[in-house]
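Structure first, commentary second.
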Amino acid sequence: MNFKLFGFTAIQMVFYVAVFLYFYRHISEEDRKQLFHQDSSAKEPEKKDDDAVRDNQ
């Protein structure tokens, strides 16, 4: 077993997890939903009356 390569890979994985957790903690919930493609963010926002009138013109 190549211990140098194993050690480097283990350190690399810890680094990636730490970076992921740092960014995951600092992004907003809306961005988080969009990042993980959750269904609640996929819905089209409801149009207000002004938007509906503008679309029909």
Side-chain angles (χ1 to χ4, degrees):
M1 181 180 226
N2 188 348
F3 287 108
K4 285 184 181 180
L5 183 61
F6 177 76
F8 178 73
T9 305
I11 291 169
Q12 212 175 13
M13 292 302 293
V14 169
F15 175 76
Y16 289 146
V17 169
V19 169
F20 172 79
L21 291 175
Y22 174 80
F23 283 110
Y24 184 80
R25 185 173 179 208
H26 287 86
I27 61 175
S28 69
E29 181 144 348
E30 273 305 308
D31 292 339
R32 206 174 291 158
K33 286 178 183 177
Q34 194 172 14
L35 181 66
F36 294 108
H37 308 292
Q38 293 179 354
D39 294 334
S40 60
S41 66
K43 294 178 184 175
E44 187 175 320
E46 294 181 17
K47 292 186 175 184
K48 296 179 181 176
D49 293 336
D50 295 342
D51 294 337
V53 169
R54 210 175 300 124
D55 288 344
N56 289 330
Q57 291 178 351

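Given the structure is predicted, the values throughout are model-derived calculations rather than measurements.
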query = In chain order, what residues pass the side-chain contact (heavy atoms from CB on, under 4.5 Å) check against L5, with sequence neighbours excluded?
reply = N2, T9
request  = For F20, check side-chain contact (heavy atoms from CB on, under 4.5 Å) against everything at least two apart and list the hits.
outcome  =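 If we apply the side-chain contact (heavy atoms from CB on, under 4.5 Å) test to F20, skipping adjacent residues, the hits are Y24, F36.
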message = Membership question, hydrophobic clusters at under 4.5 Å side-chain separation (ILVMFWY): are F23 and F15 in the same one?
response =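 Yes, F15 and F23 fall within the same hydrophobic cluster.
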inquiry  = Are V19 and Y22 connected into the same hydrophobic cluster when the rule is that any two of I, L, V, M, F, W, Y join if their side-chain heavy atoms are below 4.5 Å apart?
reply    = yes
query = ring-ring contact (aromatic ring centres under 6.0 Å, His included) with Y16: which residues, sequence neighbours excluded?
reply =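 Checked Y16 against ring-ring contact (aromatic ring centres under 6.0 Å, His included); zero matches.
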